[in-house]
**Q** 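Have a look at this one before I ask anything.
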Amino acid sequence: MDHDAGSRLRRPRQPPQQQQTLVWQTGGSDASLTPSPAESGTIYASSIGVHNGNGNGAGSNHRRRRRSTLADAEDTIAVHGDGYGNGSRAAKRERSVSAEDGDSDAVSPTTTEHQRKKQKRNKPTLSCFECVGRKTKCDRGRPHCLACIKRQTKCEYAHVANVLEETTRSAANERRMTKGPKKKGDALKPQIPNAADRGFNVNRLKALGSVSTSTGLLSNVPYSAPGSSNVFGIGSEHPFANYWTCEGGLPEVISVLPEKVQSDILLTRYFECVDPVYPMLHRQTFYADYEHFWSLSRAEKDQADGAFVALIFVMLALGTQFVTSTSPRERKQTAEFYASASNQALRVSSYLSIASIRSVQAMVLITYFLINDNHASDGWAFGGILMRQAYAMGLHRDPNIVVPDASPFEKQQRRKVWQAVLLQDTFLTVLLSLPPSATHTDVSVDDLKQDDASIATDDPTDTDYIKSSWTLANLVQETICSPRSLDVPICTTVRQKSKLIQDFRTVYRTFPTVFRYWDPQVLAEMAQTNKRVVRQTLFLCSNYFHNLMLVHASESADVPVNVRGTLEAAHDAITAFFILFALFEAEARVWWVFNHRAFLEALCIGNVLREVAREEGGSNVAEDPLFIRAKNDIMRMIDIMEIMSQGEQASETARTRVQVLNELLL
């Protein structure tokens with residue numbers, strides 16, 4: 001290579017004059033907008049003088065140091081505009097004068113074209129770039145929004161958004177408050193923004209101060225409301241009977257354990273009916289600790305871990321709920337006794353100040369027991385304590401960060417327990433239309449993996465089932481829980497609704513094939529050999545289609561109810577309950593969550609059919625095959641509820657549901 005060529009390669013490239021970047025700074029009303037043609041690089045124009053990219057200029061450093069944060073914000077808005085077309089009047093006047101004088105050198109054609117493109121959007125983008133690109137709701141949190149934390153993505157904001165955030169931040173601890181819907185006038189009958197929540201006796205909801213809060217829950221109890229102030233109107237008696245003395249302590253609780261043979265039977269029932277749906281415990285390691293506990297002497301048992309004793313008792317209580325060899329009354333009394341023993345074991349072990357994986361596991365199962373035992377209000381309150389304990393233990397954090405030296409198995413258990421807490425909180429808040437609590441986490445779903453090399457392996461489909469439920473719960477909590485708790489529409493634009501439906505379908509496609517192919521005949525055949533997968537399939541699909549139904553049924557001023565989408569999703573969701581009742585009738589009677597979800601689906605179908613008949617006339621409802629099938633779904637649900645309201649296992653809740661659904665068919 002010759003010397004001249006080398007010189008040419010080493011010579012720094014000079015940017016063409018028309019590519020100069022203009023950054024306008026206003027220090028007064030007469031800002032100079034014409035850059036010096038002799039300078040290259042970035043040029044700053046201000047009333048103080050012209051500065052190059054190195055910040056040179058008379059008095060510039062002194063003035064910038066004395067400029068306050070508020071003045072910075074005002075200057076930035078004055079130059080770039082506040083997003084509503086209100087920029088600097090001086091800058092606008094200078095640009096207009098320059099244009100009239102034909103000063104083509106002041107602003108190059110490339111810069112002018114670039115400015116015209118930027119002026120297409122008058123409103124500033126305040127959401128982060130990631131949420132804007134994904135077209136998802138952004139809470140505009142700093143330094144990272146909640147959506148980016150959940151997605152594990154980089155969260156960045158535009159410069160104008162950061163300036164406005166700094167200047168308009170509330171002085172009250174810099175907190176944001178989510179605003180409810182604006183009321184226009186004194187509306188005596190506010191519209192519920194979801195067709196799935198309509199059709200209730202609103203007079204029974206006035207004590208809650210909200211039209212749609214927990215309406216579905218209240219509708220499944222007798223119309224004779226209790227005289228005392230009860231949060232949800234069910235389970236007014238104390239959930240845990242008091243059998244304990246002040247001095248008994250943990251030895252008193254251990255003394256009421258059943259014989260090991262009876263305990264083994266109830267635990268087997270638990271792992272058969274409950275564990276497939278909520279696979280939070282590891283069976284091999286639990287049974288190892290369980291057998292070791294029974295091998296101890298009585299004195300050694302009295303010194304055992306109270307949280308583990310509580311875990312055993314609540315598993316016995318849940319197993320008892322699914323036993324069919326005893327009378328319903330005896331089964332209920334025995335289960336409640338075991339649940340009381342579990343709660344007492346937690347109390348004497350100071351579970352409020354000493355949290356552990358076992359205590360959190362026990363609390364998760366106690367919450368499910370209370371809900372199944374018709375104590376949903378107590379379960380909701382108990383779940384609040386559970387959430388605080390999970391946060392205190394750091395279960396919401398990535399185990400690789402909080403416990404980097406822990407074994408892979410321990411990290412896996414922490415992820416599974418957090419998934420159980422998140423799942424319970426998310427879908428319970430959906431059913432009760434209350435705000436979610438498990439909203440802050442950086443635990444990734446993808447980190448939950450099956451370690452085949454470990455001797456403590458899970459059931460084959462459990463990991464896939466947990467990850468599928470987890471992914472669905474993240475989407476539901478991000479898009480459905482908060483709007484429903486505030487009586488605001490889930491979707492405010494047609495585009496947002498279409499995008500959200502597509503997101504749900506994308507999540508559904510991530511489910512393993514075994515959970516997506518759920519033909520009734522195929523499931524009936526599979527129930528003969530693999531009941532665990534059948535239970536998981538039904539619960540997962542029921543959750544998915546129920547929430548998809550809520551999205552279709554949501555409406556606002558600009559977004560109507562998707563009638564056909566709502567009825568299709570409701571049919572798929574309620575069919576899961578019909579299959580569960582046909583294959584596992586005894587279990588279908590116990591699962592309050594599944595029962596109540598199916599009841600809400602039938603209620604949604606009835607509300608949609610009633611509104612369609614009122615708007616379009618009864619001929620369409622009577623002739624359209626989709627509407628005919630929807631009406632048959634309600635009638636089949638009524639038939640099942642009538643079966644559950646009769647005989648020795650008669651349910652008062654089922655009788656009330658029959659009454660409510662019959663009113664929809666009138």
**Q** Taking all heavy atoms of R610 and all of E663, pick out the closest pair and write down the distance.
**A**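 For R610 versus E663, the nearest heavy atoms are NH2-O, 3.1 Å.
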**Q** Could you grab the distance from atom CH2 of W592 to atom CD of Q321, nearest 0.5 Å is fine?
**A** 13.5 Å
**Q** I'd like to know if E272 and R532 make a salt bridge, using a cut-off of under 4.0 Å between side-chain N and carboxylate O.
**A** no
**Q** How long is the span from the CD atom in E585 to the OG1 atom in T324, to the nearest 0.5 Å?
**A**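 Taking CD in E585 and OG1 in T324, the distance rounds to 11.0 Å.
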**Q** Going from CG on L318 to SG on C273, what distance comes out if it is rounded to the nearest 0.5 angstrom?
**A**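 These two atoms lie 10.5 Å from each other.
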**Q** Sub-3.5 Å donor-acceptor pair from the side chain of N530 to the main-chain atoms of M526, do we have one?
**A** no
**Q** Specify whether F515 and Y465 have parallel, tilted or perpendicular ring planes, treating 30° as the upper limit for parallel and 60° as the lower limit for perpendicular.
**A**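 Correct class here is perpendicular.
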**Q** Answer yes or no: is there a side-chain heavy-atom contact under 4.5 Å between D442 and H396?
**A**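 Side chain of D442 against side chain of H396, heavy atoms only: no contact under 4.5 Å found.
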**Q** Does any part of the side chain of H596, heavy atoms only, come nearer than 4.5 Å to the side chain of R657, both counted from C-beta?
**A** yes
**Q** Please report the shortest heavy-atom distance between Y368 and A420, naming the atom on each side.
**A**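 Nearest heavy atoms, Y368 then A420: OH-O, 4.5 Å.
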**Q** Are Q152 and S444 close enough that a side-chain donor and a side-chain acceptor fall under 3.5 Å?
**A** no
**Q** With a cut-off of 6.0 Å (strictly less than), are more than 12 heavy atoms of other residues, nucleotides or ligands near NZ of K531?
**A** no
**Q** Judged by atom type as modelled, is there a donor-acceptor pair below 3.5 Å linking the side chain of Q424 to the main-chain atoms of V364?
**A**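 Present.
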**Q** Enter the distance from N547:CG to L475:CG here, rounded to the nearest 0.5 Å.
**A** 8.5 Å
**Q** Please assess M315 against V274 for the test side chain to side chain contact (heavy atoms under 4.5 Å, CB included), listing each intermediate value before the final yes or no.
**A** CA-CA 9 Å; M315 293 171 68; V274 181; over 6 Å; no
**Q** Can R655 and V658 be said to form a side chain to side chain contact (heavy atoms under 4.5 Å, CB included), step by step?
**A** CA-CA 5 Å; R655 293 193 186 98; V658 170; 5.7 Å; no
**Q** With rounding to the nearest 0.5 Å, note down the distance linking CG in L583 to CG in L538.
**A** 7.0 Å
**Q** Please confirm whether the backbone N or O of E652 pairs with a side-chain atom of T656, one donor and one acceptor, at under 3.5 Å?
**A**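 Yes, because the side chain of T656 sits within donor-acceptor range (under 3.5 Å) of the backbone of E652.
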**Q** Look only at the side chain of D425 and the backbone of V421, and say whether a donor-acceptor pair between them is shorter than 3.5 Å.
**A** no
**Q** So do F627 and V608 actually touch side chain to side chain, heavy atoms under 4.5 Å?
**A**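 Answer no - side chains too far apart.
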**Q** Keeping D275 on the side-chain end and Y270 on the backbone end, is there a donor-acceptor pair under 3.5 Å?
**A** no
**Q** Would you confirm whether the ring centroid of Y508 sits within less than 6.0 angstrom of the ring centroid of F545?
**A**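 That pair passes the under 6.0 Å test.
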**Q** Between the side chains of E555 and N562, does any donor sit under 3.5 Å from an acceptor?
**A** no
**Q** As a quick check of understanding, evaluate salt bridge (charged side-chain N to carboxylate O under 4.0 Å, His left out) for R564 and E568, giving each step before the final call.
**A** CA-CA 6 Å; R564 294 193 172 273; E568 289 283 359; over 6 Å; no
**Q** Have a look at C155 and tell me which of C131, C145, C138 forms a side-chain contact (heavy atoms from CB on, under 4.5 Å) with it.
**A** C145
**Q** Which heavy-atom pair separates I490 from S554 by the least distance, and what is that distance?
**A**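 Looking at all heavy atoms of both residues, the closest pair is N-OG, 3.1 Å.
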**Q** Measuring only between side-chain heavy atoms, which start at C-beta, is S556 closer than 4.5 Å to C491?
**A** no
**Q** Could you tell me whether the side chains of Q413 and H282 share a donor-acceptor contact shorter than 3.5 Å?
**A** no
**Q** Do the non-hydrogen side-chain atoms of K416 and L448 ever get within less than 4.5 Å of each other?
**A** yes
**Q** Got a donor-acceptor contact below 3.5 angstrom from the T429 side chain to the T426 backbone?
**A**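 Yes; at least one donor-acceptor contact below 3.5 Å.
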**Q** Would you indicate whether the side-chain heavy atoms of L422 and Q419 approach each other to under 4.5 Å?
**A** no
**Q** So H440 and Y391, do their side chains get closer than 4.5 Å, heavy atoms only?
**A** yes
**Q** Is it true that T461 and Q536 share a donor-acceptor pair across their side chains at a distance under 3.5 Å?
**A** yes
**Q** Mark yes or no for whether S645, through its side chain, and A654, through its backbone, hold a donor-acceptor pair below 3.5 Å.
**A**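 Not confirmed, S645 side chain does not pair with A654 backbone.
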**Q** When you check the side-chain N and O atoms of N543 and R597, is any donor under 3.5 Å from an acceptor?
**A** yes
**Q** Any chance you could measure F577, atom CZ, to T575, atom OG1, to the nearest 0.5 Å?
**A**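 One gets 11.5 Å once the value is rounded to the nearest 0.5 Å.
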**Q** Can you name the closest pair of heavy atoms from N372 and V590 and give their distance?
**A**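 Result for this residue pair: OD1-O, 3.4 Å.
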**Q** Please work out which of the three classes, parallel, tilted or perpendicular, describes the rings of F511 and Y544, given edges at 30° and 60°.
**A** perpendicular
**Q** Under 3.5 Å, is there a donor-acceptor pair linking the side chains of Q496 and T492?
**A**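 Side chains of Q496 and T492: pair found under 3.5 Å.
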**Q** What are the two closest heavy atoms between S485 and L434, and how far apart are they?
**A** CB-C, 3.4 Å
**Q** Is it true that S498 and R495 share a donor-acceptor pair across their side chains at a distance under 3.5 Å?
**A**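 On atom types as modelled, these side chains do not qualify, holding no pair under 3.5 Å.
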**Q** Is a side-chain N or O of R331 found less than 3.5 angstrom from the main chain of V323, in a donor-acceptor match?
**A**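 Yes, because the side chain of R331 sits within donor-acceptor range (under 3.5 Å) of the backbone of V323.
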**Q** How about K137: does its NZ atom have over 12 heavy atoms from other parts shown lying under 6.0 Å from it?
**A**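 It does not: K137 NZ has 12 such atoms or fewer within range.
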**Q** According to the interplanar angle, ranging from 0 to 90°, do the rings of W591 and F539 count as parallel (below 30°), tilted (30 to 60°) or perpendicular (above 60°)?
**A** perpendicular
**Q** Can a donor-acceptor pair be found, under 3.5 Å and without considering hydrogens, that links the side chain of D373 to the backbone of H375?
**A**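 Checked: no pair found.
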**Q** Run M549 and C604 through side chain to side chain contact (heavy atoms under 4.5 Å, CB included) and show every step you take.
**A** CA-CA 9 Å; M549 175 196 75; C604 177; 3.8 Å; yes
**Q** Are L472 and Q477 packed together at the side-chain level, in the sense that at least one heavy-atom pair is separated by less than 4.5 angstrom?
**A** no
**Q** Just by distance, do the side chain of K497 and the backbone of H552 share a donor-acceptor pair under 3.5 Å?
**A**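 Indeed, once roles are kept as given, a pair shorter than 3.5 Å links the two residues.
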**Q** What's the shortest heavy-atom distance between T566 and A553, and which atoms?
**A**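 Minimum heavy-atom separation between T566 and A553: OG1-N, 3.3 Å.
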**Q** Before giving the answer on side chain to side chain contact (heavy atoms under 4.5 Å, CB included), spell out for F578 and D633 the whole-Å C-alpha distance, their side-chain angles and the decisive distance to 0.1 Å.
**A** CA-CA 9 Å; F578 296 158; D633 287 338; 4.0 Å; yes
